[in-house]
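Protein chains get the first letters and strands the later ones, always in sequence-line order, with residue 1 at the start of each.
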Amino acid sequence: MSLSTAELDAIYLTLALAAITTVLLLILGTPLAWWLARQRAQWPALIEAIVAMPLILPPTVLGFYLLLLFAPDTALGRAWEGLTGSQLAFSFSALVIGSVIYSLPFVVQPLQAAFQRVPARLLDTAATLGASPLDQFRSVAAPLCRRSFVTAASLGFAHTVGEFGVVLMIGGNIPGETQVLSIALYDYVESLRFAEAHRLAAGLVVFSLVLLFALYRRDRRDSWRIRA
Amino acid sequence: MSLSTAELDAIYLTLALAAITTVLLLILGTPLAWWLARQRAQWPALIEAIVAMPLILPPTVLGFYLLLLFAPDTALGRAWEGLTGSQLAFSFSALVIGSVIYSLPFVVQPLQAAFQRVPARLLDTAATLGASPLDQFRSVAAPLCRRSFVTAASLGFAHTVGEFGVVLMIGGNIPGETQVLSIALYDYVESLRFAEAHRLAAGLVVFSLVLLFALYRRDRRDSWRIRA
Amino acid sequence: RVAVAANFRATLEAINRQFEHNTGQPVVVSSASTGVLANQILHGAPFDIFFAADRQTVFKLAAADTGPRRGEPFCYAIGSLVLVGGDGRLAQLGDPGLSLAVANPATAPYGAAAMQVLARPEFSQGGGRKLLRAANVVQAYQFWHSGAAELALLPRALAPAGTPVPGHWHLPLEQFALTLRPQAAHPALHSYLNWIRSDTVRALISEAGYRPCP
Amino acid sequence: MSGLSLQLDCAAGEQFRLQLACELPATGITAIYGPSGSGKSTLLDCIAGLRRAAADSEIRFRGEYWQRPRLFVPPWQRRTAYVFQDARLFPHLNVEQNLHYALRRRHRDRGVSLAQVVSWLQLDDLLAQHPASLSAGQAQRVAIARALLSAPELMLLDEPLANLDHAASQQIIGQLQQLNTDLELPMLYVSHDIEEVSQLADQLVLLEQGRLAAQGSLLDLCSRLDTRLSREDQAAAIVVGTTAHHDARFSLTELDVEGQPLLLAGPRLAPGQLRRLRIPARDVSVCRQRPTDSSILNILPVTLSDMLEEGPSRVLLRLALGSQFLLARITRKSAAHLQLQVGDRLYAQIKSAALLMEPVPEDG
Amino acid sequence: MSGLSLQLDCAAGEQFRLQLACELPATGITAIYGPSGSGKSTLLDCIAGLRRAAADSEIRFRGEYWQRPRLFVPPWQRRTAYVFQDARLFPHLNVEQNLHYALRRRHRDRGVSLAQVVSWLQLDDLLAQHPASLSAGQAQRVAIARALLSAPELMLLDEPLANLDHAASQQIIGQLQQLNTDLELPMLYVSHDIEEVSQLADQLVLLEQGRLAAQGSLLDLCSRLDTRLSREDQAAAIVVGTTAHHDARFSLTELDVEGQPLLLAGPRLAPGQLRRLRIPARDVSVCRQRPTDSSILNILPVTLSDMLEEGPSRVLLRLALGSQFLLARITRKSAAHLQLQVGDRLYAQIKSAALLMEPVPEDG
Ligand SMILES: Nc1ncnc2c1ncn2[C@@H]1O[C@H](COP(=O)(O)OP(=O)(O)OP(=O)(O)O)[C@@H](O)[C@H]1O
Ligand SMILES: Nc1ncnc2c1ncn2[C@@H]1O[C@H](COP(=O)(O)OP(=O)(O)OP(=O)(O)O)[C@@H](O)[C@H]1O
Ligand SMILES: [Mg+2]
Ligand SMILES: [Mg+2]
């Protein structure tokens, strides 16, 4: 199975986008989830609901609103252009931002659920041994929730790979720049080129299957050692 | 804000679809997640990876493959028609099946991560008190993982509400039958009727926000009582 | 039941309103992109007639022998292209500094036509421009409408105020329709087809920015 | 019908292996005694079905197999109740709900009621609390209550009193003994507190590094010099006597032990009942002549039947009192001074003795 | 610089409230003793900073405020180490990693080394095991090791020996005492085992229902008849003596207590050292004449300074030995028989006494 340059470009872009997005999601989602899990008050439930919002809007519609937000004549668009010298809309950065917003709930929610079940007793124990709150998180909570990190990262990654509506809308489908795999695949289906579509879909599925299988298998091995 | 009949139809369909899908997701996803969480072997990692697959394919592409599967001339399509007397593709049932497949990972993964952290000690304790495995699950594991059920259900529900690519493909956008809210919204944006789109999107967001806020707030109140 | 390419939906709804008013027959409209609809039709979608945005798809469908017996494809409108944005001059198409939104040439006929226009030698200096391929013409419109793209090549139906692009700069944008059931069995379908071919409808179509078929 | 017969081989990790074969009675209280890490909890886990012993192991309770080759009765069908070393209350249920959990799933209809258990273990004030808010001792009491409520046919207790103060554990010990006889509920009781063990147990199983070191009735094992028990600081003999008359003025009960009177502090007991007494070795001294003006009331004529040197400074004596035996731990210096020889007739002065069925300490 | 000064008000739930004000020395071992549910763990939690006492509470350690109005030093800056009642090992780390966890975050540089702690607590074989596979006693030993490795300035121990057998806990008690003096590491030690407490503690804090019932040096509190301690079954007096010569033949050490010789079994001790002895009340009997042919070696002349009736059958005697006191528990019948009167000169026969610094039981 040989791939065209356009396809290779799209694969590369997809992987880069998914990887960067996943990393950003974990960086942003982890503290947010931790904060939400440890707040006793009721009002953070509002933040939780807001985080879940991107799920509710159809991707293209969400994309449309994001596009309105990113356009060069909006505050954000102007600020970005002032800072970086280039336009935000239809850039790779825009794709990353859009993907992060769209996939945030998939990362925050499983992490929050996991963090809520970290026994306070163990964090207290760490504190008496001299661990600061950050250290407590790093050395106790995070390792105890490793399976949920795997879940969060793989949901985030997979969803970014498969994401399409938002990306199409704010990316502009520029080959080598914002044309990701899902759009290429979509194009094939749209133009009734089924053979190419099947080939690309099969490749994507096999690749992801291998990747996720390896990830989950490793996690299984490690987590059983601990639970034994 | 008054709604047209078509919009009311779409809202009703959406809620019905999301509710039925969420219920089915929990019914199917819970035992699957439990099984995955309690299996010590390595090979179930493959099942985990397969469950995550629907995420990888762009929704329309996934929808396309589901369409191939549901078409009246396939085995499944024929069997369905034989059983129910009506066509599967472009029916509400097809939407439900498609949504369940598409949202399965959002339910299975958080539940599995949670189930893996239920202490075996507590299940053993329940067993010595006479609880069968099913009873152990019901009376110990499930209540301990309630936050993850909330997460799973709300991700599944929200995603079904916002889902669009799959539904459009296998549902056929038929008003009153398979035209759900997300598609109606999409139609408005597509036909440049932005005012209506904004109105519908705002309604959708506010409604979901209120629903999720109530859900999360309740969960907060209950879970802190237990953790205190 | 009518399946219609998204770009023609608004026009068709106006046409249907009159038909419903005249006959009392309800018409149910489903819209999506031409490709999605074609896929659905190939797999048993319960539509009676399909208004595509191009010529190719309809002929492919007619050639495929799955499904119930289909009618002959017929042309119902010819689209034309306009340029929006900037100062309105066509010469801007040669400016590499201006971003331009078009529909995806791989899937949308207006996108393909736009590419043919851009391929003309007078616009070759614009080769380095930022070319935004929207999924369809509507999205191309949105790109321009949101201000994210400076120029867009769009159907006249979407942007009546745009600067027309000479029709001979690209292959004709014929839009074809296809009946998906034998007409004989559906009297309503028969009368609907007659209505579509009526002068009233032709007038409506050209009002919406299309040219009538020959 | 017999009792509980075990033939176990169960590896835990690479280094530890529990291997034993024994028959235990299905009545009374059997103590499982041994140092930390000797496999006591592992043994209970195997009996409860929470750990799976190797395939050729056998567990039979009252004639019914719980495990044998190609058969493994799952824990929820074994009709045992288990009080774990850590209380293991369900964190999502409050105390009352924890108790109801057991009640709703009880193994048989006969059994104690919620109200009884709550009053025995003084849980009234705790019913609404969640486990996380209980003190360790309170949690243990709730765990015992929960196990009792499941109306088991065999009760497994793993150091249930480790976190309780002396007064509270004395009280619970009394209640467990009561239940044991009233409900005919056999108990396996893990403990490393020999005082607790000898107060409670009828039978004793001594574990050492996963093996059976000794097994038998408490009375036998306690007065032998060759087991680990006699080497304990708290070594004690157990003797049996019959209650004779009660001295109301000083609130003392006289026991007849092998024809000799023994006075015990404590409430009135009906005459003619068999009672067990625990007499710690370090509370027994010997002399050649009967002292007269001492505060020690109990002075019994005995015969020295055995002597065992313990380290450089101490000697353990086994003293025959009729057909029963006392233990006495004295210094080697005293032994030399008194020129003790096996066969000597001596007087044993008993500073304190504890009546086991009604655990009230006593002194002379 | 002073010690640990507390002024606490801490509500736990609706029903329980810990309220006390006291000054504790920042040296030696202070035992916190009280029945289950009296607030012992709550007190340690407040000192460690894991529970927040009411805003007007004050905690000061060596002159430094850990809490006072508008100041709350977080637990990780308090330089305490806490051995919890449940071991609370980190389940995702094996034993060695649990120890390293403390080592890497130690509160100061001075402190014991990993190798030392591992050998003291005999953890060599356990280093690779995960906490879930440890027996309860093993887990407790690891928890003690981990706390020691964090090199604290104040050690909080909550019933650290509840799950250990007698031999193991004797050994650990010896080591804790050693560490306490060698490292000048003050300890607060919660226990409801009065034997443990009187072996270890210099100071005693008695808690009852969240209030301070009594506080003072172990020696004082133990020989008083008016505290809860004397009502315990295991009531005991603590006396101080100076080591005199050692009898190598019988391996006995003579202690000089108020001019009287007292013989103890055990290893050689250099002469002239101050040592504490614990003498349980129930191991002391009295007589009017000195017996001569008894195995009881220690017979001391005393004066009866106080008597307390305990229930219908027993009497607790306070016996003056020079400026110190012994306790003796005898039956009321004996008291009547001997016609005891305050001021009588008697002989106390001591059946057993335990040297506290080197805990070897001894008998006469
Ligand atoms: N998975 C395992 N891997 C290695 N060793 C194990 C494992 N499980 C149990 N052990 C070992 O088995 C031995 C017996 O443990 P068990 O809990 O039965 O002891 P115990 O007699 O109950 O001790 P304690 O009185 O301290 O509770 C211990 O040495 C323990 O370390
Ligand atoms: N959140 C709470 N709600 C209600 N009661 C509480 C709460 N937290 C603690 N208590 C009560 O506070 C009291 C003191 O508990 P603490 O753990 O300090 O006792 P303790 O002296 O350590 O007992 P033990 O010896 O059994 O460990 C207990 O009666 C307990 O039930
Ligand atoms: Mg154990
Ligand atoms: Mg406590």
Side-chain angles (χ1 to χ4, degrees), chain D residues 12-13 15 35-37 41 85-86 125 129 133 135-138 159 162-168 192 194 232-234 247 250-252 263 265-266 282-283 285-289 291 293-297 311-314 328-336 338 349 351-352 361-364, chain E residues 12-13 15 35-37 41 85-86 125 129 133 135-138 159 162-168 192 194 232-234 247 250-252 263 265-266 282-283 285-289 291 293-297 311-314 328-336 338 349 351-352 361-364:
Chain D
Q15 287 166 33
S36 171
S41 303
Q85 209 161 357
D86 45 340
D125 294 344
Q129 267 178 245
S133 74
S135 86
Q138 291 166 341
E159 306 200 24
N163 284 300
L164 285 166
D165 52 295
H166 190 75
H192 34 56
I194 187 67
E232 299 275 346
D233 280 341
Q234 308 109 311
D247 176 348
F250 294 111
S251 186
L252 291 177
L263 290 173
R282 64 174 208 185
D283 289 356
S285 55
V286 293
C287 51
R288 292 205 173 266
Q289 265 174 281
D293 64 345
S294 154
S295 71
I296 298 184
L297 285 181
S313 56
R314 302 191 304 182
R329 177 171 285 149
I330 64 173
T331 55
R332 211 152 64 79
K333 177 165 183 170
S334 302
L338 293 175
Q349 301 187 71
K351 177 69 183 92
S352 83
E362 130 69 6
D363 58 350
Chain E
Q15 287 166 35
S36 171
S41 303
Q85 211 161 352
D86 47 340
D125 293 343
Q129 268 177 244
S133 73
S135 85
Q138 290 166 343
E159 306 201 24
N163 284 302
L164 285 166
D165 51 296
H166 191 75
H192 34 56
I194 186 67
E232 299 274 348
D233 280 341
Q234 307 109 313
D247 176 348
F250 294 111
S251 185
L252 292 176
L263 289 173
R282 64 174 207 185
D283 290 355
S285 54
V286 293
C287 51
R288 292 207 172 265
Q289 265 175 278
D293 64 346
S294 154
S295 71
I296 298 183
L297 285 180
S313 56
R314 303 191 305 182
R329 176 172 286 149
I330 65 174
T331 56
R332 210 152 64 80
K333 176 166 182 168
S334 303
L338 294 174
Q349 300 186 71
K351 177 71 183 84
S352 84
E362 129 72 7
D363 59 351

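- The CG atom of D:D86 sits 8.5 Å away from the CG atom of E:D86 when rounded to the nearest 0.5 Å.
- Contacts of E:S135 with chain D are made by side-chain atoms alone, with heavy-atom separations under 4.5 Å and no backbone atom involved.
- When each of D:G37, D:A168, D:A12 is checked for heavy-atom pairs under 4.5 Å with chain E, D:G37 comes out on top.
- Contacts of E:Q289 with chain D are made by both backbone and side-chain atoms, with heavy-atom separations under 4.5 Å.
- Taking CZ of D:R314 as the reference point, atom CD1 of D:I330 lies at 11.5 Å (rounded to 0.5 Å).
- The side chain to side chain contact (heavy atoms under 4.5 Å, CB included) test applied to D:A162 returns D:Q140, D:E159, E:A162, E:N163, not counting sequence neighbours.
- Contacts between D:L338 and chain E at a heavy-atom distance below 4.5 Å involve the side chain alone, from C-beta outward.
- E:Q15 touches chain D through its side chain: at least one heavy atom from C-beta onward sits under 4.5 Å away, while N, CA, C and O do not.
- Between chain E and the residues D:G137, D:A335, D:S36, D:A336, the largest count of heavy-atom pairs under 4.5 Å involves D:S36.
- Interface summary for chain E: among D:R332, D:Q138, D:Q129, the most heavy-atom pairs under 4.5 angstrom belong to D:R332.
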